[in-house]
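Data block below; observations after.
In what follows, every heavy atom counts, from backbone to side chain, and hydrogens, waters and symmetry copies are set aside. Quick caveat: nothing in here was measured; it's all calculated off a predicted structure. Ligands are counted one by one from 1 in listed order, and the atoms in each one are counted from 1 as well.
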Amino acid sequence: MNEPIYFTEEHRQFRDNLRRFFEQEVVPKAHAWEEAGMVPREVLRQLGGLGYLGIRYPEKYGGAELDTVYSAILAEELGRTTFGGFAVTVTVHTDMASPHLANFGSPEQLERWLPPINRGEKVCAVAVTEPDAGSDVASIRARALRERSGDGDHWVINGSKMFITNGVHADVYFVGAKTDPGAKGSRGISIFVVEKGTPGFRVGRALKKSGWLCSDTAELVFEDCRVPAAHLLGQENKGFYQIMRNFQNERMVIGAAAMGEAARAIELTVAYVRDRKAFGATLWDKQAIRQRLAMRAAQVEAGRALVYHAAWLDAQGKDCVKEVSMVKALCGELVNQVLYDCQQFHGGFGYIRESAIERMVRDARVEAIGGGATEVMLEEIAKRM
Ligand SMILES: Cc1cc2nc3c(=O)[nH]c(=O)nc-3n(C[C@H](O)[C@H](O)[C@H](O)COP(=O)(O)OP(=O)(O)OC[C@H]3O[C@@H](n4cnc5c(N)ncnc54)[C@H](O)[C@@H]3O)c2cc1C
């Protein structure tokens, strides 16, 4: 793959260090994590210790104050590990859940939760989706009611959340709930911090998935779950805006991880077909195969260029909703097309659990669904055309 033009020497070093770490500490071990259904917390603490979990956050809370391009590099390298479940465990923590706190937390909230999140000591999750509301965020039904009584000022949350990544093993959850059900859809939502162990909050069940096996995914239940008033994150009734803002980062990193996976899948497949013989020559000697892989490589270069362009725009503080939506739509679909071909060219082996490609096919599917399905992204682009 070409080096993005946005890379400085520091970006390059950052990428090389990350790649080395993942090759040594993740790739050889992650098969066991897939079996266990979770990423060991020690690995997240290691990543935190190396400064990879708080890339863009203020130094005073243990962050590194780097730019968005670094987040894209982290996600791309996570994707290159070939373990999508590992990638999403980390990116939900760094780029989908913790931005709720980092962007909208009060100084007291930042002081309390951001340093342990950056160190990987507290793992976080974001809980917006519900059994009856996914793409249509404004239609969530979880409810939070303000209660002022003898024992203080609280919010009481009721409802359930679905498909929540890190949901089984997280320590801190950023939860969306309706605080003004009378308000028009998007206007009455707020975000709350709910800690593991809060009475009235429980993991309903761990969900079994077709891919992302080492990522834990949960249904969450809130039954008269009382959190202190100080756990309201950002402004009351402005949660929809907060969610939409954080979606930008989420979608950019999903696209970056997808391009890391796709690029790595092509490399693995080129190596395989150069070695594998059929009809008296290697598979690489079949023009149909090498040309298809050449086209996929070209498409992934293009997708990657769009990812880094969107990350760069964001780093410059420029509006990039359209570009990020393009990243999510394009890369979420492309990774699936690439993996389909890579599995095809691996023949029967590509269907066997031992092959990385088999896992990568399963992991890729959800990238066109989660964090904004392709169709929803295309609407965002169309609105801006
Ligand atoms: C493994 C996994 C992890 C997840 N992690 C999290 C998490 O950590 N936190 C969280 O809050 N959520 C999470 N999600 C939820 C995810 O973001 C939603 O699944 C996604 O937004 C789609 O919502 P839905 O499943 O309700 O599908 P629906 O909204 O019911 O949509 C179903 C399908 O309909 C189509 N569609 C929807 N809207 C339109 C439209 N306007 N025009 C045309 N077609 C449309 C799309 O093809 C879409 O896939 C996760 C999901 C999965 C599967």
Proximal ligand 1 atoms for [X], defined as those under 4.0 Å from one of its heavy atoms:
X: I369; result: 20 (C)
X: A373; result: 46 (C), 48 (C), 49 (O)
X: I164; result: 7 (C), 8 (O), 9 (N), 10 (C), 11 (O)
X: V376; result: 38 (N), 39 (C)
X: K209; result: 1 (C)

Are any of the protein's heavy atoms under 4.0 angstrom from [atom], yes or no?
atom: atom 34 (O) of ligand 1; result: no
atom: atom 49 (O) of ligand 1; result: yes
atom: atom 14 (N) of ligand 1; result: yes

[atom]: which protein heavy atom is closest, and how many Å away?
atom: atom 24 (P) of ligand 1; answer: G134 CA, 3.9 Å
atom: atom 9 (N) of ligand 1; answer: V126 O, 2.8 Å
atom: atom 25 (O) of ligand 1; answer: F163 CE1, 3.8 Å
atom: atom 29 (O) of ligand 1; answer: S135 OG, 2.7 Å

Check: Is NZ or CZ of R276 both nearer than 6.0 Å to the six-membered ring centre of Y272 and within 45° of the ring axis?
Finding: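 Geometry flag: not set, cation outside 6.0 Å or 45°.
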
For [atom], tell me which residue out of [options] has the closest non-hydrogen atom.
atom: atom 44 (N) of ligand 1; options: E375, E250, M96; result: E375
atom: atom 53 (C) of ligand 1; options: D363, L220, V366; result: V366
atom: atom 11 (O) of ligand 1; options: T129, T165, V137; result: T129

Hey, could you give me the [atom1]/[atom2] distance between [X] and [Y], rounded to the nearest 0.5 Å?
X: E195; Y: Y173; atom1: CD; atom2: OH; answer: 11.0 Å
X: K208; Y: L213; atom1: NZ; atom2: CG; answer: 11.0 Å
X: D132; Y: I140; atom1: CG; atom2: CD1; answer: 12.0 Å

Between [X] and [Y], do the side chains contain an N or O donor and an N or O acceptor separated by less than 3.5 Å?
X: R296; Y: Q299; result: yes
X: T374; Y: E333; result: yes
X: E76; Y: Y308; result: yes

Next item on the list: Anything under 30° is parallel, anything over 60° is perpendicular, the rest tilted; go ahead and classify F14 against Y52.
Entry: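 F14 vs Y52 ring planes: perpendicular.
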
Next item on the list: Please work out which of the three classes, parallel, tilted or perpendicular, describes the rings of F86 and W33, given edges at 30° and 60°.
Entry: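 Ring orientation of W33 relative to F86: tilted.
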
Item checked: Side chain proximity check, M38 to V168, heavy atoms < 4.5 angstrom -> no

Checklist line | Close approach, V92 and ligand 1, non-hydrogen under 4.0 angstrom | finding: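 Contact check V92 vs ligand 1: negative.
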
Next item on the list: Using the test side-chain hydrogen bond (donor to acceptor under 3.5 Å, both in side chains), find all partners of R56 that sit at least two apart in sequence or belong to another chain.
Entry: S71, N249

Notebook entry, point to check: Under the salt bridge (charged side-chain N to carboxylate O under 4.0 Å, His left out) rule, what pairs show up with a residue in residues 253-266, not counting sequence neighbours?
Noted result: R264-E267

Next item on the list: Could you say whether the N/O atoms of D136 and ligand 1 ever approach to under 3.5 Å?
Entry: no

Notebook entry, point to check: ligand 1 and G371, any nitrogen or oxygen pair closer than 3.5 angstrom?
Noted result: yes

Item checked: For ligand 1, the portion of K161 having any non-hydrogen atom under 4.0 Å away -> neither

